[in-house]
Each structure stands twice: as structure tokens, then as C-alpha cells.
2 protein chains.
Amino acid sequence: MTEPAFFVLTALVDEPRHGYGIAREVEKLSDGRVQLKIGTLYGVLDRLAADELVAPDREEVQQGRLRRYYRLTDSGARALEAEAVRLAANARSASERLRARHAGGMA
Amino acid sequence: MTEPAFFVLTALVDEPRHGYGIAREVEKLSDGRVQLKIGTLYGVLDRLAADELVAPDREEVQQGRLRRYYRLTDSGARALEAEAVRLAANARSASERLRARHAGGMA
DNA sequence: TCCCAATATCTTGTCAGCCGATATATTATC
DNA sequence: GATAATATATCGGCTGACAAGATATTGGGA
């Protein structure tokens with residue numbers, strides 16, 4: 001799973017959101033570190049929808065602007081959970097090795 | 001940082017290794033989950049060397065086969081540490097949200 | 001002896017995907 | 001009337017992952 005896809009799924013965990021709203025939520029939940037590019041966003045959404053990790057939820061017209069909402073599917077939630085576990089494991093193995101190195105490297 | 005690059009750096013934390021040895025070490029430290037492709041490996045090494053996150057260490061000829069060793073630079077160790085922190089943060093934010101969802105979603 | 005597998009390097013070509021740029025449309029502000 | 005924010009979508013360039021193949025040595029099995 002690519003990193004933009006990971007963030008899109010994370011942004012959809014609590015409630016359905018529309019494209020622009022996802023981009024703002026991702027920026028918020030990463031403390032401004034990740035700014036999803038608009039050209040990236042819709043491509044990612046298409047791919048996630050094709051894989052059925054997200055699904056179209058509803059469409060609204062608010063103040064004349066179309067909002068197309070997406071929600072996380074059960075399959076998407078499982079995929080996100082698995083990816084989170086994988087990332088945590090990767091981070092842990094690197095951190096452990098670095099710690100051993102600074103501790104004097106008992107190779 | 002791309003995932004293959006992350007694994008290459010991790011494999012070099014404890015000691016310098018040559019290309020083939022890196023591939024075997026990555027497979028080992030990921031419990032067989034990550035099998036670095038040979039075409040990926042050398043491209044990644046070139047890019048990491050250009051960025052000075054790894055550096056050529058020495059060359060050996062063992063049993064007629066050339067071994068070109070690479071070592072992690074201080075800059076590489078710092079980059080790996082930062083990436084590990086970032087991955088851990090990403091994994092944590094996703095896991096927390098998923099936990100809240102299963103707990104009943106107090107949105 | 002000959003072929004294959006393992007070890008070891010590197011190159012080339014294809015495909016996926018990120019992202020900048022652009023287009024379109026509405027509302028609000030200046 | 002121009003600009004910014006909100007909101008959608010597409011296109012093209014570039015980077016990077018990876019399959020495949022080239023090259024070379026050692027050792028084992030048919």
C-alpha cells in the first residue's frame with residue numbers, strides 16, 4: 001500500500017468524507033506534515049474504490065458545490081489495520097537495531 | 001523515503017554488507033515478508049550512495065566472486081531514525097482511530 | 001563432461017504512481 | 001471585476017519498483 005493511500009484510509013476511519021475534506025483531514029491528523037496533493041488524491045480514491053477498500057457514500061450539493069463522499073469499507077478497515085501493524089513492525093526493527101548500535105554494538 | 005531504501009538502511013545498521021548480503025539480511029529481518037528484488041536493490045544503493053546515506057566500504061574477492069561492501073553513514077543513520085519515528089507515528093494514528101471506531105465511535 | 005543452482009555484479013525496459021499544471025464552476029470578499 | 005477558497009477532474013512528466021537478461025565463478029549431480 002502506498003503512503004497516500006494509507007492516509008486516505010486513515011482519514012475515512014471515523015466518518016465518510018469528500019475529496020477535499022479528506023485532504024484537509026490528512027493534513028490535520030499528520031500535524032501538517034503530509035499535504036496530499038490534489039492530483040494524487042483523486043487517483044488514489046479511484047484505485048481504492050476499484051479495490052473496494054473505499055466505496056461511494058453519497059453526493060451532496062452544498063452552496064452550489066458538489067461534494068462526493070466516500071466511506072471506508074470493512075475490507076478497507078482490515079487492510080488499514082494490517083498496514084498499520086506492518087509499518088509499526090518495520091519502525092520497531094529499525095529502532096531496535098539503531099539502539100543496539102548506540103549501545104556499543106554487541107554484534 | 002521509499003520502503004526498499006528503508007530496509008536497505010536497516011540491514012546496514014549493524015555492519016557493512018555487500019548487495020547480495022543486504023538482500024538476504026532484509027529477508028531475514030522481515031521474517032521473509034520482504035524479498036528485495038535484485039533490479040530494485042542496485043538502483044536503491046546507487047540513489048542512497050548519491051545522497052550519501054550509505055558509502056562504499058571496501059571490495060573483497062571471495063572464492064573468485066567480487067563483493068562490494070556498503071556501510072551506513074552518520075547521515076544515513078539519522079535519516080533512518082527519523083523515518084522510523086515517522087512510520088511509528090503513522091501506524092499509531094491509524095491504530096488509534098481504528099480502536100476508537102471499534103469502541104463505538106464517540107464522534 | 002555438461003548442465004544447473006547458488007553466489008555475485010549490473011543494465012535495460014516496462015509499468016505504476018506521485019504530483020505539478022491546468023480546466024471548470026460557485027460563493028464570498030475586496 | 002479580480003482574487004481567493006471550495007470542490008471536482010484530467011493530463012503529462014518524472015521517478016522508482018521490478019522482471020528479465022547479461023556476465024562470471026564455484027560446486028554438485030546426471
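Below, read A as the first sequence line, B as the second, and so on, with proteins coming before strands; counting in each chain starts at 1.
- Summarising the geometry, the separation between NE2 on B:H18 and C1' on C:dC10 is reported as 16 Å, rounded to the nearest angstrom.
- Protein atom CZ of B:F6 is 18 Å distant from nucleotide atom P of D:dG16, rounded to whole Å.
- If you measure from atom CD of B:E59 to atom C1' of C:dA8, you get 12 Å, rounded to the nearest angstrom.
- You'll find the side chain of A:E60 reaches within 4.5 Å of the side chain of A:Y69, heavy atoms only.
- In this structure, B:R17 places its CZ atom 13 Å from P of C:dT9, rounding to the nearest Å.
- In this structure the side chain of B:R67 never reaches within 4.5 angstrom of the side chain of B:E59, judged on heavy atoms.
- Through direct or relayed side-chain contacts under 4.5 Å between Ile, Leu, Val, Met, Phe, Trp and Tyr, A:Y20 connects to no other residue.
- A donor-acceptor pair is defined here as one N or O able to donate and one able to accept, closer than 3.5 Å; no such pair exists between the side chain of A:S75 and the backbone of A:L53.
- The phosphate of D:dA7 has OP1 or OP2 within less than 4.0 Å of a side-chain N or O from A:R24.
- Within the 4.0 angstrom heavy-atom criterion, only backbone atoms of the sugar-phosphate kind lie near B:R67; the bases stay farther away.
- In terms of polar N and O atoms assigned as donor or acceptor, the side chain of B:R68 never comes within less than 3.5 Å of the base of C:dT9 in a complementary pairing.
- Looking at residues 30-44 of chain A, you'll see A:I38, A:G39, A:Y42 sit with a heavy atom under 4.0 Å from some atom of DNA chain D.
- Rounded to whole Å, the distance from OH on B:Y20 to P on C:dC10 is 15 Å.
- Note on A:R47: a side-chain N or O is less than 4.0 Å away from OP1 or OP2 of C:dC18.
- Judged purely by atom type and a 3.5 angstrom limit, A:T73 uses its side chain to pair as donor or acceptor with the backbone of A:E52.
- Whole-Å rounding puts the B:D46 CG to D:dC18 P distance at 16 Å.
- The distance between atom CE of A:M1 and atom C1' of C:dG17, rounded to the nearest whole Å, is 15 Å.
- Sorted by first and then second residue, the pairs that involve residues 81-94 of chain A and meet side chain to side chain donor-acceptor pair (under 3.5 Å), not counting sequence neighbours, are A:E83-A:R86, A:R86-B:E3.
- Counting heavy atoms from C-beta outward, A:E25 and A:T10 have side chains that stay 4.5 Å or more apart.
- The CD-P distance, from B:E25 to C:dA8, rounds to 14 Å in whole Å.
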